[in-house]
Number of protein chains: 2
Amino acid sequence: MDSAINKQTPLMTQQKILSATLMLFSKKGYFNTSVRDIAHESGVSIGSIYHHFKDKEAIASAVYSNLVERMLAEITQIQSKHIRTSSRCRAIIAFLFDITEQEPEVMEFMLYSKHREFLPEEPPVCSSKPFELMREIVKDGMLANEIQSMDLMVASSCLFGAALRMITSRLDGVIEKPLPTYLEAIWTPSWRAVSTQTL
Amino acid sequence: MDSAINKQTPLMTQQKILSATLMLFSKKGYFNTSVRDIAHESGVSIGSIYHHFKDKEAIASAVYSNLVERMLAEITQIQSKHIRTSSRCRAIIAFLFDITEQEPEVMEFMLYSKHREFLPEEPPVCSSKPFELMREIVKDGMLANEIQSMDLMVASSCLFGAALRMITSRLDGVIEKPLPTYLEAIWTPSWRAVSTQTL
DNA sequence: AATACTAGAACGAACGCTCGTTCTAGTCAA
DNA sequence: TTGACTAGAACGAGCGTTCGTTCTAGTATT
């Protein structure tokens with residue numbers, strides 16, 4: 001029981017299913033992707049897919065919560081590595097820009113798909129934990145007097161709205177250069193918008 | 001022909017179909033709305049629907065281009081009524097906030113649905129005419145030295161990103177108060193982000 | 001070591017249902 | 001009577017899902 005036997009299959013199969021699903025969903029969307037497509041793309045049979053997941057929605061749900069958890073972990077780490085609010089928020093935007101370039105499917109699926117259409121249970125993205133944490137960070141920034149005191153939602157939108165807009169534009173193919181190119185250009189005015197300091 | 005007879009049906013039927021469709025699409029999404037649903041909601045029969053529109057996609061396309069055209073007209077008018085860039089942009093945000101409250105379906109459909117999934121031909125929203133016009137206005141603002149000179153996409157994202165984020169948050173039900181309440185709160189930092197003047 | 005047994009992972013043909021679309025019949029104004 | 005319009009039954013394709021089965025590996029028994 002306690003021996004280190006390598007069972008090759010139980011989690012690996014799930015992973016294959018999940019990553020194929022993320023790819024297909026971000027490329028074609030939930031409704032244009034059939035379970036057969038997932039089977040074909042992942043190399044896992046339909047029967048096996050249904051052995052591991054209750055139904056198509058459960059696959060989507062697993063993909064989604066994996067990504068949310070990963071985002072949360074990353075942002076939590078950023079929070080602990082930086083002290084000043086400005087460094088924290090800047091690092092968050094840098095992270096979001098990087099991941100948009102390296103794994104566009106992730107961002108595509110997180111920001112750009114209407115989860116409510118196929119995950120009726122799930123709350124909207126912007127009330128998910130990572131977004132809540134971002135607002136938490138902004139709130140701390142106000143308490144520390146780094147950010148002007150104002151409505152929390154307003155401040156968060158001002159700080160991250162521009163970056164998020166750049167991300168969706170990039171995913172739409174409206175921006176040609178990689179996002180990290182624009183990090184400074186976006187960060188300076190974003191921070192200027194809410195900072196207590198007049199630059 | 002030129003008499004004032006009220007033919008009840010020719011355009012009215014199309015309008016009934018289009019407005020029922022907008023309502024259903026924004027509530028349940030394209031794929032969760034069947035043509036039968038549209039028939040039932042609009043009070044127009046399936047046969048009649050297919051008499052007026054080639055297929056389901058054509059209905060979606062008509063809804064979409066109607067909205068885009070309407071937006072464009074509105075923004076064009078704003079452009080001509082205001083001279084300074086700041087007034088123009090502020091008025092655009094005010095308009096977007098108003099329409100979000102009065103006809104949330106419109107904004108829901110324009111901003112929040114993944115058109116590429118069901119309108120493969122259509123370019124993404126942010127390269128549609130209204131958005132282009134908004135960028136045009138920003139560009140003029142830079143030439144007039146009202147807005148700091150920087151990448152056009154960056155400036156537009158900074159100016160409108162926060163407002164757009166507020167809109168999607170409101171549509172998601174994360175914000176309880178009507179958007180126009182926040183107009184000043186959003187506008188001040190948004191403008192501060194890109195203005196040439198240090199406030 | 002050889003055998004019998006068990007658990008669960010993998011498989012894909014088949015099912016039933018819903019969808020978009022077509023078809024045929026009917027209505028009404030000119 | 002004609003032609004634009006309406007109606008809803010009928011059709012067939014494609015979907016998500018189920019099910020009976022086979023395959024694989026680990027375990028217990030001899």
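Sequence lines set the chain letters: A, B, ... in the order given, protein chains first and strands last, and positions in each chain run from 1.
- No side-chain N or O of Ser169(A) forms a donor-acceptor pair with one of Asp172(A) less than 3.5 Å apart.
- Between the OH atom of Tyr50(A) and the C1' atom of dT21(D) there is a distance of 19 Å, given to the nearest Å.
- When each of dT21(C), dA9(C), dC11(C) is scored by its nearest atom to the side-chain atoms of Lys56(B), the top-ranked nucleotide is dT21(C).
- Taking atom CD1 on Ile49(A) and atom C1' on dC15(D), their separation rounds to 14 Å, with Å as the unit.
- Comment: Arg170(A) engages Glu101(A) in a salt bridge, judged by a side-chain N to carboxylate O separation of less than 4.0 angstrom.
- Ion pairing of Glu117(A) with Lys114(A) is present here, as a side-chain N (NZ or NE/NH1/NH2) and a carboxylate O approach within less than 4.0 Å.
- Atom C1' of nucleotide dT21(C) and atom CG of Asp55(B) are separated by 9 Å, given to the nearest angstrom.
- A straight line from CD of Glu57(B) to P of dC19(C) spans 18 Å, rounded to a whole angstrom.
- If you take CD of Gln14(B) and C1' of dT6(D), they are 14 Å apart, rounded to a whole angstrom.
- Taking the side chain of Ile46(B) as heavy atoms from C-beta on, and the options dT22(C), dA13(C), dA10(C), the nearest nucleotide is dT22(C).
- Between His115(B) and Phe118(B), the ring planes are perpendicular. Angles over 60° get that label, and only those under 30° would be called parallel.
- The CD1-C1' distance, from Ile17(A) to dA10(C), rounds to 10 Å in whole Å.
- Note on His52(B): every side-chain N or O is 4.0 Å or more away from OP1 and OP2 of dA4(D).
- Heavy-atom distances to DNA chain C give each of Gly43(A) and Lys54(B) a nearest nucleotide, and the one nearer the 5′ end belongs to Gly43(A).
- Within the 4.0 Å cut-off from OP1 or OP2 of dA10(C), not a single side-chain nitrogen or oxygen of Ser45(A) is found.
- Within residues 27-41 of chain B, the residues approached by DNA chain C to less than 4.0 Å at the level of any non-hydrogen atom are Thr33(B), Ser34(B), Val35(B), Arg36(B), in residue-number order.
- By the 4.0 Å N-to-carboxylate-O rule, Glu136(B) lies too far from Lys129(B) to be salt-bridged with it.
- At most 12 non-hydrogen atoms from other residues, nucleotides or ligands lie less than 6.0 angstrom from NZ of Lys139(A).
- The nearest whole Å value for the distance from the CD1 atom in Ile59(A) to the P atom in dG16(D) is 9 Å.
- Dashed line: the shortest gap from a side-chain N or O of Thr13(B) to OP1 or OP2 of dT6(D) is under 4.0 Å.
- OP1 and OP2 of dT6(D) both lie 4.0 Å or more from every side-chain N or O belonging to His51(B).
- With no hydrogens or angles considered, a side-chain donor-acceptor pair links Thr85(A) and Glu146(A) at under 3.5 Å.
- Phe118(B) has its CZ atom 17 Å from the P atom of dC19(C), to the nearest Å.
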